[in-house]
Amino acid sequence: MRKPGKAFAELVGVNPRQIPRWEGRGETLELSLTNQAALDTVLSEAPRDIQQRFAALITERAAVENDERAEELLRRDSRTSRRPVDGMLMTLVEEGIYLSGADNRSVWLDSFLIDIYPTTNEDYEKFVRLTRHRPPQHWPSGRCPTDLSHHPVVWVTWLDVNAYARWSGKALPTARQWEKAARGTKGRIYPWGNEPTAAKANISETGMDDTTPVSRYQSGASPYGVFDMCGNTWEWCSTEETPGSGRYELKGSAFTSPFERAAPSLQNAANSSMQDNDTGFRCVSRP
């Protein structure tokens, strides 16, 4: 990916001073697990021609060297796919039982795909432009602010996000689908495990006081590689709090939430017309 060092550092989520160090160490470089995961994420989101060029390079290398990393990448069964309408990257959550709620009840769910990242302002702008849907109130002159392109879209009602889901050929997740994608099958308290590590999410204790780019908290990803399932923004679900109430469940907590409210098993709900600066969404679809 031919990019200036500063642009590449921003894409991966590292300090720009790190890039010259990586280049200087060449093939002797051994990345931390977090940085390697970040680079793998960049590759999975790259255009197909870049992925094919990378595959060709590591195939050639694996053919002439005993390169275990290259062989691992070649063998890997990718669970991700990109949707044709909105271009969002999704990952597979396989069918089966997961432990749900604070009491870890066993619940069966069919398999589904879920967006790896929350819907960003940039993603939502495409929908607004093509459908002439009402833009969020924080967009100047109805246009996506450049500095917020990769932040989750906010100031959207349940009706707004449901319209986006229909347009994209997807749906809003049920509360149970959302929770399984966040916790995995074994009842993790948080997406990353059971340790209450506030630094892995954009919640009130971190002092951000605003949304952050959706790929920032790589170490806070769920067992399925799904980002921002704690903090940044609450996310609308398709599940009504009680049937016919017009109030829909919200999951995940936000940058305004204390860490004690960040566990994915916790419940919250709001009227379908509610909109706020800390509420966004992501979508699901059938495999």
Side-chain angles (χ1 to χ4, degrees), residues 77-81 83 88-119 152 158 161-162 164-166 168-197 200-201 203 214 217 220-254 257 259-272 274 279-287:
D77 178 21
S78 175
R79 297 173 183 271
T80 62
S81 59
R83 299 300 295 182
M88 295 284 284
L89 195 67
M90 306 189 81
T91 190
L92 176 67
V93 178
E94 295 177 332
E95 68 177 7
I97 290 173
Y98 84 103
L99 300 181
S100 174
D103 56 353
N104 285 336
R105 303 180 310 279
S106 294
V107 173
W108 171 277
L109 288 181
D110 291 334
S111 60
F112 60 93
L113 294 166
I114 189 165
D115 291 337
I116 291 177
Y117 302 106
T119 305
W158 186 91
V161 303
N162 196 48
Y164 176 101
R166 291 198 309 269
S168 65
K170 300 190 286 187
L172 296 179
T174 66
R176 285 180 169 178
Q177 286 176 325
W178 195 101
E179 184 187 1
K180 182 176 182 179
R183 301 179 68 193
T185 59
K186 298 180 179 180
R188 288 184 176 187
I189 298 174
Y190 306 103
W192 56 84
N194 294 324
E195 293 299 319
T197 312
K200 293 180 183 288
I203 39 81
V214 296
Y217 290 93
S222 82
Y224 297 102
V226 184
F227 282 57
D228 275 359
M229 301 302 262
C230 277
N232 219 3
T233 62
W234 290 101
E235 296 185 12
W236 286 111
C237 293
S238 64
T239 306
E240 280 191 281
E241 185 178 37
T242 56
S245 66
R247 290 176 56 83
Y248 291 86
E249 290 201 31
L250 296 162
K251 301 292 281 186
S253 73
S257 307
F259 189 65
E260 64 188 27
R261 290 288 298 155
S265 63
L266 297 179
Q267 294 181 314
N268 190 15
N271 190 282
S272 61
M274 187 278 291
T279 305
F281 74 106
R282 75 181 76 215
C283 295
V284 296
S285 72
R286 294 180 180 178

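You'll find the side chain of Pro264 reaches within 4.5 Å of the side chain of Pro191, heavy atoms only. A 4.5 Å side-chain heavy-atom check between Thr80 and Leu89 finds at least one atom pair inside the cut-off. Looking only at side-chain heavy atoms (C-beta outward), Arg261 and Trp234 come within less than 4.5 Å of each other. Taking 4.5 Å as the limit, every side-chain heavy atom of Glu179 sits out of range of all side-chain heavy atoms of Leu266. For the pair Tyr224 and Thr185, the minimum side-chain heavy-atom distance is below 4.5 Å. Two residues are said to be in side-chain contact when any heavy atoms from C-beta on lie closer than 4.5 Å; Arg176 and Leu109 meet this criterion. At least one side-chain heavy atom of Pro152 sits under 4.5 Å from a side-chain heavy atom of Val214. Side-chain contact between Met88 and Ser168 is absent, with no heavy atoms from C-beta onward closer than 4.5 Å.
Judged by distance alone, with hydrogens and angles left aside, the side-chain atoms of Ser253 form a donor-acceptor pair with the main-chain N or O of Gly231 at under 3.5 Å. Remark: side-chain polar atoms of Thr239 are paired, donor with acceptor, to backbone N or O of Ala175 under 3.5 angstrom. The backbone N or O of Glu94 lies less than 3.5 Å from a partner atom in the side chain of Lys180, making a donor-acceptor pair. Judged by distance alone, with hydrogens and angles left aside, the side-chain atoms of Arg183 form a donor-acceptor pair with the main-chain N or O of Arg188 at under 3.5 Å. Side-chain atoms of Thr174 come within 3.5 Å of backbone atoms of Gln177 as a donor-acceptor pair (strictly under, hydrogens ignored).
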side-chain contact (heavy atoms from CB on, under 4.5 Å) between Leu172 and Val284: does it pass, once the steps are laid out? CA-CA 6 Å; Leu172 296 179; Val284 296; over 6 Å; no
Decide yes or no on side-chain contact (heavy atoms from CB on, under 4.5 Å) for Leu92 and Ser111, but give the supporting numbers first. CA-CA 7 Å; Leu92 176 67; Ser111 60; 4.3 Å; yes
Test Phe227 against Ser222 for side-chain contact (heavy atoms from CB on, under 4.5 Å), laying out the working first. CA-CA 7 Å; Phe227 282 57; Ser222 82; over 6 Å; no
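In this structure, OG in Ser81 is found 5.0 Å from CG in Leu113, a value given to the nearest 0.5 Å. Atom CG of residue Asn194 and atom CD1 of residue Ile189 lie 4.5 Å apart, to the nearest 0.5 angstrom. Between the OH atom in Tyr98 and the OG atom in Ser106 there is a gap of 10.5 Å [rounded to 0.5 Å]. From Ile116, atom CD1 reaches atom CE of Met90 across 9.0 Å, with rounding to the nearest 0.5 Å. Of the inter-residue distances, the one linking Cys283 atom SG with Tyr164 atom OH reads 6.0 Å to the nearest 0.5 angstrom. Here the CG atom belonging to Asn104 is positioned 8.0 Å from the OG atom belonging to Ser265, to the nearest 0.5 angstrom.
Between Tyr190 and Phe259, the ring planes lie parallel to each other; the angle is under 30°, not in the 30° to 60° tilted range. The aromatic rings of Trp236 and Tyr248 sit perpendicular, their planes meeting at an angle over 60°, well past the 30° parallel limit.
Take Phe112 and apply the ring-ring contact (aromatic ring centres under 6.0 Å, His included) test, not counting sequence neighbours, and it matches no residue. Under the salt bridge (charged side-chain N to carboxylate O under 4.0 Å, His left out) criterion, Arg247 pairs with Glu241, sequence neighbours left out. Considering only residues two or more places apart in sequence or on other chains, Lys170 meets the salt bridge (charged side-chain N to carboxylate O under 4.0 Å, His left out) condition with Asp86, Asp115.
Across Ser257 and Ile203, no two heavy atoms sit closer than the pair O-CB, 3.4 Å. The nearest pair of heavy atoms linking Ala270 to Met274 is CB-CE, 3.6 Å. Of all heavy-atom pairs between Ser100 and Val107, the closest is CB-CG2, 3.7 Å. The nearest pair of heavy atoms linking Val161 to Phe281 is CG1-CD2, 3.1 Å. Nearest heavy-atom pair, Ser285 versus Arg83, reported as atom, atom and distance to 0.1 Å: OG-NH1, 3.5 Å. Shown here for Trp178 and Pro173, the closest heavy-atom pair between the two residues is CD1-CG, 4.0 Å.
Salt bridge annotation for Arg282-Glu235: present, with a cationic side-chain nitrogen under 4.0 angstrom from a carboxylate oxygen.
A side-chain donor-acceptor contact under 3.5 Å links Trp108 and Asp110.
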